[in-house]
Number of protein chains: 2
Amino acid sequence: MKATIYDVAREAGVSIAAVSQVINGKGKISEERRAKIMDVMERLGYKPSVIAAALTGKKTYTLGLLVPDISNPFFAEIARAVEDRVDHHGYSLVICSTDNQDERVERYLTLLQQKSVDGIIIGTGIEDKELLAPILAKSIPVTMIARGLPGEAIQTVTVDDYEGGRLAAQHLLSLGHTSMAVLAEHPKVTSSQERIRGFREAMAESGQTLPEYFVKSGGRDLIKDGKRNASELMRYAERPTAIFCCNDLLAIGALQAARELGISVPRELSVIGFDNTILATVTNPALTTIAQPTERMGGLAVDIILQKNGEQPDESSRTVLAPELIVRQSTAAPLR
Amino acid sequence: MKATIYDVAREAGVSIAAVSQVINGKGKISEERRAKIMDVMERLGYKPSVIAAALTGKKTYTLGLLVPDISNPFFAEIARAVEDRVDHHGYSLVICSTDNQDERVERYLTLLQQKSVDGIIIGTGIEDKELLAPILAKSIPVTMIARGLPGEAIQTVTVDDYEGGRLAAQHLLSLGHTSMAVLAEHPKVTSSQERIRGFREAMAESGQTLPEYFVKSGGRDLIKDGKRNASELMRYAERPTAIFCCNDLLAIGALQAARELGISVPRELSVIGFDNTILATVTNPALTTIAQPTERMGGLAVDIILQKNGEQPDESSRTVLAPELIVRQSTAAPLR
DNA sequence: TTGAAAGCGCTACCAC
DNA sequence: GTGGTAGCGCTTTCAA
């Protein structure tokens, strides 16, 4: 049986109030009693219940993290960064995979609320913004990470997706490509949309246009979708010489498709990804990609939600971090 | 402000006991009152506090999961499997990355205990078995996954590491290799040890021996360690024609080393991994590896710890699942 | 300094 | 059927 504050008090011959004081290092206690109580706590293996403390108004020291899928390397890295920072502040993390389904988001949101978490970090897209209304109304701190929610007054930490798209386009453009395609996630994923927008605009500035039929969207199984859509692209009479993929998983699918079709990367086809996950370092050819500063993003999101950042965050501050082009071996000049 | 059971009771003009009954679907209430209360709960956006309920003896519906590193794809997959099953039972998951450090294990263990989780699934190695004593004493359910704790009476779900090692050896042996090396994790990781034991014994049955200097151990950064150790192996005068890596990350390091040294895989060197993570499907050549049934392992571990498995689990039952050889392109017959 | 006591939100038992 | 009430383990006044 677990020891309670009463057990300690009785054993030490003091009141529970005294024990509470030494637990929290508050109030005044004689060094003698203090030592005695500490001793008893140690002997009984007493650990104060966070649950009970939380009920009296203290915090639960628990944060929730919503991601599309924790087994997706990008989000696993985000989760690790968040966890590290959270742990640093003495908190723990409840992780929830939403599969990008609003219905699951809703379920997890109320679940986390019922568990009285001290804040929720959302790294998954949300279609129906109304989902957040209930928890915002209960003034549970919410911060978005890696995905924005346009128009909502919510603290957000993202990479500059638009700029990332531009970087990708500029890289391809500078290599001399004139026929480029895009592999995106589900159309509802805002980060994909932004990346495409940046990509498209950079192309436009170069006098090129991105035809609609050169933009393919995927769904659930990103690698498979990437492969299928890339194959499709490669079957066009006028096939693209480069593909910008909105994440590394899609890019891997593209790489697989190319291999299967006997198309050499990067000689005949350049492929560029996004995220710079561990996967990008492992493929052959290694994947040129746009890096997101996952560590910083995770750390920032936590600091913001815990308001350990010093200044009072203003209502709708959005922190946008710079993406970085990582050139590896999957991109090169087009054949002619 | 969040609504409480009192708010609902007042608003509905009933006692809190009545509200509690409809929340839990217990006791007897007239359909009329019941409807009225439901209505008020809805209107107020009332969600019962798990914290308060837990304090009265009910469960917290939260489980803890300890893994070495959530950003390691293998454990991310395990985590996803566990999460899915846990969610299925209405629970949520607190995930903790231990970096294989006992000190962190200990910290997380007491933290989870203080948060009154209903059980802890441990997927990380533990050197000092005494660490578990405190929580076992408090009779908090504990289950090990993917890693065993020899000699302890703890429910365990693992793959047959020994057999996995054998499978790897047999595959290489059948290909005709006679000079094989091993890349392992840190020597204290028991799963690695078992895999090596199986590998070694299968070799012995074939009349071969595994020289000690052909077994290299890594530490923190698995890919980097794998690369370094593989390079070292390849510099021996009598270098091995095949390397068995205790996980895919190490295998990737080996692949990278080979490429850097201009050694062709699988023509000049066969590489076989373990885990069958997403990484194995992505390398070039794709990695031959030993698959672990992560989904089943995760599901089983949850069912066991929640005792939803029907039968009373006996004190020290160990569930050992069969590994599976997945042949891809990184293994072949040796040159001569 | 120290301790008695009033909650925190909810469950469960018991009397009506 | 229904509601009063005693806790659950802990924090926090507030007297003493």
Side-chain angles (χ1 to χ4, degrees), chain A residues 1-38 40-41 44-62 110-118 138 140, chain B residues 1-38 40-41 44-62 110-118 138 140:
Chain A
M1 225 46 270
K2 298 190 52 172
T4 74
I5 198 171
Y6 287 99
D7 301 320
V8 176
R10 187 177 341 103
E11 195 75 9
V14 301
S15 74
I16 61 166
V19 179
S20 178
Q21 284 186 24
V22 349
I23 292 171
N24 299 291
K26 292 181 175 177
K28 274 93 184 49
I29 310 213
S30 61
E31 197 43 57
E32 187 189 3
R33 293 169 72 82
R34 183 190 169 67
K36 166 96 187 190
I37 291 171
M38 295 273 274
V40 173
M41 294 201 301
L44 266 42
Y46 169 74
K47 302 269 182 279
S49 156
V50 173
I51 295 287
L55 195 54
T56 72
K58 294 189 72 166
K59 292 180 293 194
T60 52
Y61 290 97
T62 302
T110 81
L111 203 62
L112 290 172
Q113 173 195 331
Q114 291 191 243
K115 297 199 172 163
S116 309
V117 296
D118 298 329
K138 269 116 191 163
I140 296 174
Chain B
M1 222 47 271
K2 297 188 51 171
T4 74
I5 199 173
Y6 288 99
D7 300 321
V8 177
R10 188 179 338 104
E11 195 75 8
V14 300
S15 73
I16 62 165
V19 179
S20 178
Q21 285 186 26
V22 350
I23 292 172
N24 299 291
K26 292 181 176 177
K28 273 94 185 48
I29 310 212
S30 62
E31 197 41 58
E32 187 190 3
R33 292 168 72 81
R34 183 189 168 67
K36 166 97 187 193
I37 292 171
M38 296 273 274
V40 174
M41 293 202 299
L44 264 41
Y46 169 74
K47 302 269 182 280
S49 157
V50 173
I51 296 287
L55 196 54
T56 72
K58 295 190 70 166
K59 293 180 293 194
T60 51
Y61 292 95
T62 302
T110 82
L111 203 62
L112 290 172
Q113 173 196 330
Q114 291 191 243
K115 295 196 174 167
S116 309
V117 296
D118 298 328
K138 269 116 191 163
I140 296 173

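Proteins come first, then strands; the chains are lettered A, B, ... in the order of their sequence lines, and each starts at number 1. Computed from a predicted structure; not experimentally measured.
If you take CD on A:Gln113 and CD1 on A:Ile140, they are separated by 4.5 Å, rounding to the nearest 0.5 Å. The structure places OG of B:Ser15 at 13.5 Å from CZ of B:Arg10, a figure rounded to the nearest 0.5 Å.
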So if I define the base as every atom that isn't primed, P, OP1 or OP2, how would nucleotides 6-16 of chain C read as a B/S/- string at a heavy-atom cutoff under 4.0 Å?
-BBBBBB----
Run the side-chain donor-acceptor check on residues 28-37 of chain B: report pairs under 3.5 Å with partners two or more places apart or on a different chain.
residue : atom : partner : partner atom : Å
B:Ser30 : OG   : B:Arg33 : N            : 3.4

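Applying the salt bridge (Lys or Arg N to Asp or Glu O under 4.0 Å) criterion to B:Asp118, with sequence neighbours excluded, gives no partner residue. Listed by chain and number, the residues in a ring-ring contact (aromatic ring centres under 6.0 Å, His included) with A:Tyr46 amount to none (sequence neighbours excluded).
In summary, the side chains of A:Lys115 and A:Thr62 do not present any donor paired with an acceptor at a separation below 3.5 Å, with no hydrogens or angles considered.
A nucleotide of DNA chain D counts as in contact with chain B when one of its atoms lies under 4.0 Å from a heavy atom; the first and last such, 5' to 3', are D:dG1 to D:dG9.
Helix bend of the helix from C:dT1-D:dA16 to C:dC16-D:dG1: the angle between its two end axes, each built from five pairs, comes to 50° after rounding to 10°.
Between B:Lys2 and A:Lys138, the shortest heavy-atom contact is CG-CG, 3.3 Å. A pairwise comparison of heavy atoms in A:Ser116 and B:Ile51 identifies OG-CG1, 3.5 Å as the closest pair.
The phosphate of C:dG3 (OP1 or OP2) has a side-chain N or O of A:Arg33 nearer than 4.0 angstrom.
Exactly one residue among A:Asp7, A:Thr4, A:Asn24, A:Ile5 makes a side-chain contact (heavy atoms from CB on, under 4.5 Å) with A:Val19. That residue is A:Ile5.
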